[in-house]
Every structure is written in structure tokens, then in C-alpha cells.
Amino acid sequence: MQKHATHAGGGLDIDQGGHFGWYRALSKQERRTFWSCKIGYGLDGMDTQMLSFVIPTLIAIWGISTGEAGLIHTLTLLASAAGGWVAGILSDRIGRVLTLQLTVLWFAFFTFLCGLAQSYEQLLIARTLMGFGFGGEWTAGAVLIGEVIKAKDRGKAVGLVQSGWALGWGMTAVLYALMFSILPPEDAWRALFMLGLLPAIFVIVVRRLVKEPEIYKEARKHNQGAEKVNFYEIFAPGMLSITLRASLLTTGALGGYYAITSWLPTFLKAERGLTVLGTGGYLAMVILGSYVGYVISAFLTDLIGRKKNFILFAVGSFVVVLLYTNLTVSNTAMLWLGFPLGFFASGIFSGMGSFLTELFPTRIRGSGQGFCYNIGRAVAALFPMLIGILSQHVSLGVGIGGFAAVSYGVVILAALSLPETRGKQLEL
């Protein structure tokens with residue numbers, strides 16, 4: 001049995017002989033697709049994370065309230081859910097590659113427009129429209145890479161592509177530090193958003209180098225002359241159960257993630273009095289943990305199976321939340337706890353793309369994947385608000401812990417109920 005390890009530079013599979021086994025076996029076209037999707041996820045993460053860095057500056061300069069800032073986040077998430085859903089349908093109708101190009105252009109353009117906003121209302125509109133594109137890119141990229149890679153390596157390849165999100169998050173932190181060190185705050189936040197136009201250049205590369213997956217071409221040829229396949233087929237009697245259970249899986253994973261990332265910093269600052277949360281060191285630890293979590297989870301999803309991997313990371317995420325909300329720890333300990341927080345909360349998503357790819361046949365894969373992931377995102381977007389309401393009656397720690405327990409419990413139950421798809425050959 002081949003053993004795997006992680007290469008520090010690119011997170012590639014290394015076999016016992018020290019070679020890049022699965023990666024070396026890829027064709028030139030498969031490698032181009034792999035790196036194009038990984039870079040696409042990184043650029044998506046970079047543009048998406050910019051808002052969280054500039055919100056404190058906007059509160060100071062424009063005097064917006066925390067509630068107004070929260071509304072931007074919520075509407076962005078809801079728009080991303082709609083965008084992912086539409087992108088899934090489009091990827092089945094016009095192709096995976098073209099949909100990927102359109103979504104990248106969309107979120108790059110509207111991120112740039114955020115930098116030109118002259119009022120809170122203008123920023124709210126531009127950012128909400130940007131969310132439509134960033135949600136769509138996840139769907140298009142996940143379907144594209146999932147169809148290109150061989151069944152036995154699909155989990156690690158798709159997971160490593162998704163690890164690009166953490167790299168993009170780190171890139172935003174670097175650009176933020178650079179812009180705010182050379183420009184005054186009132187100009188730096190605009191410059192940061194304007195740099196969000198850079199991913200548009202990436203579309204030129206995708207257009208020249210990446211082709212549609214062969215299985216997608218075969219499915220299109222196979223279905224020519226047949227009755228036109230439509231989105232509603234994912235709700236047909238043979239698919240409805242899979243669609244609903246997969247939607248529960250994504251709702252649980254995203255709900256737990258939003259519960260943790262939205263309210264945990266506030267809890268630790270307000271109720272524990274910790275100051276390390278606002279430091280670059282803590283953020284770097286969480287980002288590093290996220291990247292490592294993505295990579296380790298990518299290999300595990302092929303090694304132990306999709307279902308066991310989801311359960312492992314769901315349990316790990318809940319344990320970390322319990323530690324955060326029940327243990328009295330120092331700033332130093334909290335700094336180190338940032339690593340497992342990022343590791344488990346982000347790593348659970350590494351297997352999501354390959355699993356959803358394998359659950360649906362090619363003719364409706366984009367529609368199914370886009371719906372399941374993004375209906376989960378839409379429902380989970382309500383969790384931060386519900387925790388805030390609940391915290392008026394119980395402590396914030398209890399609210400976070402309660403929602404995390406329910407969310408990751410749903411992940412475990414949904415994973416147990418769904419079929420194991422590791423090594424599954426894709427259907428037309």
C-alpha cells in the first residue's frame with residue numbers, strides 16, 4: 001500500500017520513494033487545471049477576506065455601527081449562496097471553464113468597485129454583488145477539478161485546490177499590512193479593494209490553458225437529441241434523498257464554521273478579556289492551521305474515506321469549541337489554540353468538493369453541487385444572528401457551544417446516512 005506525506009512547498013503527494021506519485025502521473029492538461037483551480041480559490045479567498053480587514057477602519061472613518069458592518073457580511077453570504085446556485089446551473093449549461101471565468105471576472109470587478117464607494121450604501125451594494133461572484137467560483141472550480149482528476153486521487157487533489165483559500169487569506173493579510181504601512185488609512189482601504197481587480201488577469205490564463213473535462217464533453221454528446229436536462233432533476237425521486245442529505249451535511253459544516261468565526265473572537269475579548277485576538281500572530285496561527293487542515297484533510301479523505309473524514313473533523317471542531325468556551329486560558333495558550341481552531345474548522349471543507357462531485361451524475365453535477373453547498377451556506381448565514389438573539393438570554397459561550405454542537409451533530413448524522421464514494425468512477 002502506498003504511503004503518503006505532505007510536501008511543505010506545494011502540499012503534493014509524495015510516495016515511499018520520495019517522488020510526487022499522484023501529481024507526476026497527471027497529464028499537462030490536468031496539471032494546468034489543478035493549478036488554475038487552486039490559484040482561482042486563492043484569489044477568491046484574497047478578495048473575500050478584504051472586508052474583515054478594513055471594517056475597523058470604516059467604523060472609524062465613516063462612523064458605521066457594528067450592526068451595519070454585520071449587515072454587509074450577512075448580505076454578502078446570502079448573495080454568495082445565490083451565486084453558487086446559479087453558477088452550478090450555468091456550469092451544466094455553458095460549461096465548467098466558461099462559468100469559472102465569468103465568476104472570477106465578476107468578483108474581481110465588484111471588489112474593485114468597493115474601493116470606489118463613497119458611502120456605506122454604495123459599499124453595501126458593491127460588496128453584496130461581489131458575493132454573488134465569489135460563491136459562484138467555489139462551485140465552478142470544485143466541479144471542474146473534481147471531473148478532471150482520477151477517482152483514486154480525487155479527494156486529495158480537490159482538497160489541495162481548496163487549500164488555496166487559506167493562501168489567499170494570508171495574501172490579504174500581507175497586502176493589508178503593506179497598504180496600511182505606505183498609505184494613510186483613508187486611502188489604504190481603497191487601495192486594498194482596488195487590488196482585488198488583479199484576479200481578472202488570471203481569466204486570460206484560464207482561457208488559454210484550461211479545457212473542459214472529457215467526461216463533461218462525453219455527457220454533452222451523449223445527451224444530444226435527448227430531452228433537455230434541467231435543474232429540477234436533482235429533486236427527482238431518484239435524487240431527492242441524496243440532495244436533501246447532502247444539503248444537511250453542508251448546512252452543518254458551514255453553520256458550525258460561521259458560529260465559531262462570527263462570535264468566538266467577541267466572546268474571548270468581552271468575557272475572557274483576552275487581547276491576543278487582535279494580533280497578527282494569532283491571525284497567522286489560525287491561517288497556518290487552516291492551510292495545514294486543508295492539506296491533511298485532503299489526504300485523509302482518500303485514505304480513510306469521505307464519511308470518516310467528515311466525522312473526524314466534526315468531532316475535532318466541536319472539541320476545540322468546548323476548549324475555547326469552557327477553559328480559562330492565558331493569551332499565550334490562546335495563541336497556540338488558534339492552530340487547531342483553523343485546522344479543524346477549515347479542514348472539514350477539504351473533502352466537500354470531491355464528495356459532492358461523486359454524488360451526482362455529470363449532466364446535473366453542477367446543479368446538484370451548487371444547490372447543496374449553497375443552500376447550506378444560505379441557512380448557515382442565519383446562525384450568527386440566531387446566536388446573537390440567544391445570547392440575550394444565556395451567555396455567549398453557551399450560545400456558541402450550543403449551535404456548534406447541533407451543527408457538527410448534523411454533519412455526523414448526514415455523513416453516516418450518505419453513501420461512501422471514495423474511489424467512485426463518475427457517471428455520465
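In this chain, residues are counted from 1 in sequence order.
Under the 4.5 Å side-chain criterion, counting only non-hydrogen atoms from C-beta, P419 is not in contact with E358. The closest side-chain heavy-atom distance from R207 to V97 is not below 4.5 Å. Annotation: side chain of W35 is not in contact with side chain of V161 (no heavy-atom distance under 4.5 Å). Looking at heavy atoms from C-beta onward, L51 lies in side-chain contact with R127 at the 4.5 angstrom threshold. Two residues are said to be in side-chain contact when any heavy atoms from C-beta on lie closer than 4.5 Å; L167 and K38 meet this criterion. Within the 4.5 Å cutoff, side-chain heavy atoms of I55 are placed close to those of H73. Considering only heavy atoms from C-beta on, L160 comes within 4.5 Å of F299 through its side chain. Counting heavy atoms from C-beta on, the side chains of L26 and D153 never come closer than 4.5 Å.
In this structure, CG on L100 lies 9.5 Å from CG on D44, to the nearest 0.5 angstrom. Within the model, atoms OG1 of T111 and CZ of F109 stand 10.5 Å from one another, a figure rounded to the nearest 0.5 Å. In this structure, the separation between CG on L244 and SG on C372 is 8.0 Å, given to the nearest 0.5 Å. Put simply, CG on L105 and CD1 on I201 are 11.0 Å apart, with the number rounded to the nearest 0.5 Å. In this structure, CG in L359 is found 7.5 Å from CE in M239, a value given to the nearest 0.5 Å. Annotation: the span from M130 atom CE to L75 atom CG amounts to 14.0 Å, rounded to 0.5 Å.
Across P199 and D47, no two heavy atoms sit closer than the pair CG-OD2, 3.9 Å. Heavy-atom minimum distance, S354 versus V158: N-CG1, 3.6 Å. The heavy-atom pair separating A142 from Y41 by the smallest distance is N-OH, 3.1 Å. When all heavy atoms of R377 and L77 are compared, the pair lying nearest together is CD-O, 3.8 Å. Of all the heavy atoms in L426 and R154, the pair that sits closest is CG-NH2, 3.4 Å. Of all non-hydrogen atoms in L58 and L123, the two that sit nearest each other are CD1-CD2, 3.4 Å.
A side-chain donor-acceptor contact under 3.5 Å links Y216 to the backbone of G95. Without hydrogens or angle criteria, E137 side chain to Q101 main chain gives no donor-acceptor distance under 3.5 Å. For the pair E420 (side chain) and K307 (backbone), a donor-acceptor distance under 3.5 Å is present. Between the side chain of S350 and the backbone N or O of S346, no donor-acceptor pair lies under 3.5 Å. Formation of a donor-acceptor pair under 3.5 Å by the T421 side chain with backbone atoms of K424 is not found in this model. Under the 3.5 Å distance criterion, the side-chain polar atoms of Q49 are left unmatched by any main-chain donor or acceptor of M46. Distance alone, capped at 3.5 Å, places no donor-acceptor pair between the R422 side chain and the K152 backbone. Remark: side-chain polar atoms of S181 are paired, donor with acceptor, to backbone N or O of L178 under 3.5 angstrom. Without hydrogens or angle criteria, N374 side chain to A82 main chain gives no donor-acceptor distance under 3.5 Å.
Annotation: F371 is in aromatic contact with F235 [ring centroid separation under 6.0 Å]. Taking the six-membered ring for Trp and the full ring otherwise, F231 and W85 have centroids separated by under 6.0 Å. Between Y294 and W165, the ring center distance fails the sub-6.0 Å criterion.
Screening R363, R365, K217 for a salt bridge (Lys or Arg N to Asp or Glu O under 4.0 Å) involving E147 leaves a single residue, R365. Here the options are Y258, Y257, F403, the test is ring-ring contact (aromatic ring centres under 6.0 Å, His included), and the partner is F383; only F403 passes. Among T139, T357, T250, the single residue meeting the side chain to side chain donor-acceptor pair (under 3.5 Å) criterion with Q369 is T357.
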Check your understanding: Would W169 and F53 count as a side-chain contact (heavy atoms from CB on, under 4.5 Å) if you check the C-alpha gap in whole Å, the side-chain angles of each, and the deciding distance to 0.1 Å?
Key -> CA-CA 10 Å; W169 188 4; F53 283 88; 4.2 Å; yes
Exercise for review: Begin with the C-alpha distance, continue with both residues' side-chain angles, and end with the deciding distance and a verdict on side-chain contact (heavy atoms from CB on, under 4.5 Å) for W138 and F349.
Suggested key: CA-CA 11 Å; W138 186 95; F349 296 103; over 6 Å; no
Exercise for review: Could you walk me through whether F134 and T103 pass the side-chain contact (heavy atoms from CB on, under 4.5 Å) test, one step at a time?
Suggested key: CA-CA 7 Å; F134 102 71; T103 54; over 6 Å; no
Exercise for review: Apply side-chain contact (heavy atoms from CB on, under 4.5 Å) to the pair T251 and V411, showing each step before the final yes or no.
Suggested key: CA-CA 8 Å; T251 299; V411 170; over 6 Å; no
Check your understanding: Under the ring-ring contact (aromatic ring centres under 6.0 Å, His included) criterion, do W22 and F34 qualify, and how do the steps go?
Key -> CA-CA 12 Å; W22 71 273; F34 173 85; 5.8 Å; yes
Practice item. Could you walk me through whether S91 and T99 pass side chain to side chain donor-acceptor pair (under 3.5 Å), step by step? Key: CA-CA 6 Å; S91 69; T99 302; 5.2 Å; no
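Taking the side-chain contact (heavy atoms from CB on, under 4.5 Å) definition, one finds that L413 meets it with nothing, sequence neighbours left out.
Using the six-membered ring where Trp is involved, W106 and F110 have ring planes that are tilted, between 30° and 60° apart.
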Throw together a table of side-chain donor-acceptor distances under 3.5 angstrom for residues 308-322, partners on residues two or more places apart or in other chains.
residue, atom, partner, partner atom, Å
N309, ND2, S297, OG, 2.9
S317, OG, F313, O, 2.8
S317, OG, F344, O, 3.2

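Heavy atoms of other residues, nucleotides or ligands lying less than 6.0 angstrom from CE of M171 number 12 at most.
Within the cation-pi definition used here (under 6.0 Å to the ring centroid, within 45° of the axis), R31 qualifies as a partner of Y23.
Salt-bridge annotation for E212 and R96: absent, with no side-chain N of the basic residue lying under 4.0 Å from a carboxylate O of the acidic one.
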